Amino acid sequence: MTEKTCESALAVDSERLWNSLREVSAFGATPGGGLDRLALGDHDRAARDHLVAAARERGWAVAVDPVGNVFVTRQGTEPDLPPVLIGSHLDSQPLGGRYDGTYGVHAGLEVLRALDDAGVATRRSLVLADWTNEEGSRFSPSMLGSAVYSGAHDLDAALARTDTSGATLGGELARIGYAGAWGGVPRRLHRALEVHIEQGPVLEAEGVDIGVVTGVYGIRWYDVSVRGEGGHSGTTPMALRRDALVAAGAVVRAVSELADRLSPELRATTGEIVVSPNSRNSIPGSVRLALDVRHPEDAVLDRAERALEELTADVARATGTEVTIEPVLSQPPTVFDPRAVAGVRAVAERLGLSNRDLVSGAGHDSVHLARVTPTAMIFIPCVGGISHHESEDIRHQWAVDGANALLHAALDAAQESED
Ligand code: HGY
Ligand code: MN
Ligand code: MN
């Protein structure tokens with residue numbers, strides 16, 4: 001810490017943060033005020049280039065790893081010490097919001113800028129990360145970049161993942177110029193911190209400034225395939241049909257009733273449906289459903305998995321169709337490092353920000369970082385708790401409070417001696 005700044009005076013630049021968020025929201029902006037910035041598309045490239053340009057302006061080092069994760073490093077006075085990583089993601093849902101992920105990356109960018117402007121030298125380097133394909137909307141599973149970085153997912157398998165057009169993740173990285181290498185990428189970390197919108201209603205409803213995230217729900221994804229018999233909608237008697245979409249509808253209804261059967265904390269969603277041949281006057285021969293099931297306890301997720309196997313078999317028997325279910329992602333519930341979590345809580349108290357513990361129903365890259373380093377997350381409220389929707393919104397003060405909490409939590413960690 002230099003004589004130029006004392007810690008309590010250290011704060012982010014509110015206007016610069018807000019401008020930075022406004023600028024990056026232009027990449028993939030939708031008419032409805034949200035974002036369509038799918039991983040590794042041209043809009044994601046533009047948002048990445050915007051971040052890299054901001055880093056280059058300040059003379060910070062930029063590295064890109066083989067799965068396209070971007071790392072911006074503000075060097076500390078002891079660069080051989082494992083650094084502190086702050087980061088999130090720039091990709092969005094197909095009709096997503098301007099702040100999910102993007103806020104965390106740009107709050108992190110503002111933290112580095114504020115430290116620079118205040119002339120604060122940190123012992124440990126600070127690394128700002130943009131993780132590839134956090135949303136998993138274009139390439140499943142989600143959180144793929146951070147999974148490869150942490151060793152939870154094989155690199156070659158990730159590069160081979162395809163989107164619905166058949167484009168591979170590896171091919172798209174090369175196309176947009178973000179197929180990197182491990183050289184220059186920080187592999188040992190001292191701490192990982194992520195600030196993110198809550199994506200739920202609690203903080204706003206309670207008027208609380210900061211969510212101290214203690215853990216994340218477990219997440220399981222499944223692909224359900226329903227195979228019936230196609231045919232002519234005008235000539236095939238109803239009694240002779242094996243309509244795959246009618247069967248799929250029974251599966252969707254049963255999935256939506258799982259929480260009533262198993263646990264009120266369970267969240268079960270059918271978010272995607274692909275019908276073939278998808279023509280008004282042809283009976284659907286096959287349907288693919290994409291399922292997302294979440295709960296804070298693995299045991300309940302196991303019971304949900306057994307219930308899914310049973311209900312799909314029941315629907316197959318009742319409709320004369322073939323119904324198969326294939327696991328795509330199994331992310332166990334995460335409990336963040338209590339010491340790292342306590343550090344976030346202490347910073348919120350020090351800054352006079354009201355705070356409460358929260359478990360996140362949304363998945364985050366921090367789940368994978370928690371496997372390799374003490375990790376904690378900071379939540380800010382979002383309007384109406386709405387997310388994964390174009391109307392996702394935050395208040396300017398919330399953005400500033402979260403960024404200041406990140407600044408001081410990262411600074412505390414960057415000055416720590418012990419690893
Ligand atoms: O799916 C999730 O929870 C995250 O927003 N990608
Ligand atoms: Mn997110
Ligand atoms: Mn998301």
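Start at 1 and go down the list; that is how both ligands and their atoms are numbered. All figures in this text were calculated on a predicted structure; none of them were measured in a lab.
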Taking atom types as modelled, find out whether [X] and [Y] have a side-chain donor-acceptor pair closer than 3.5 angstrom.
X: Thr102; Y: Arg37; value: yes
X: Glu172; Y: Tyr178; value: no
X: Glu265; Y: Tyr217; value: yes

Of the N, O or S atoms in Asp100, the one nearest the Mn ion (ligand 2): OD1
Glu134 near the Mn ion (ligand 3) via N/O/S, less than 2.8 Å: no
The Mn ion (ligand 3) contact by His89, N, O or S atom under 2.8 Å: no
Ligand 1 versus Ala362: contacting region, heavy-atom distance under 4.0 Å: both
Close-contact set for ligand 1 against His388 heavy atoms, below 4.0 Å: 5 (O)
Numbered atoms and elements of ligand 1 in range of Glu135, under 4.0 angstrom, heavy atoms: 4 (C), 5 (O), 6 (N)
Candidate list Glu392, Gln93, His196, test side chain to side chain donor-acceptor pair (under 3.5 Å), partner Ser387, passing option: Glu392
Passing option when His89 is tested against Asp365, Thr132, Asp100, Asp44 for side chain to side chain donor-acceptor pair (under 3.5 Å): Asp100
Leu369 side, atom CG; Asp337 side, atom CG - distance, nearest 0.5 Å: 13.0 Å
Ligand 1 to Asp292 polar contact by distance, N or O atoms, under 3.5 Å: no
More than 12 heavy atoms of other groups within 6.0 Å of Arg227 CZ: no
Nearest non-hydrogen protein atom, atom 2 (C) of ligand 1: Arg294 NH2, 3.4 Å
Opening angle at the Mn ion (ligand 3) [OE2, Glu135; NE2, His388; to 10 degrees]: 110°
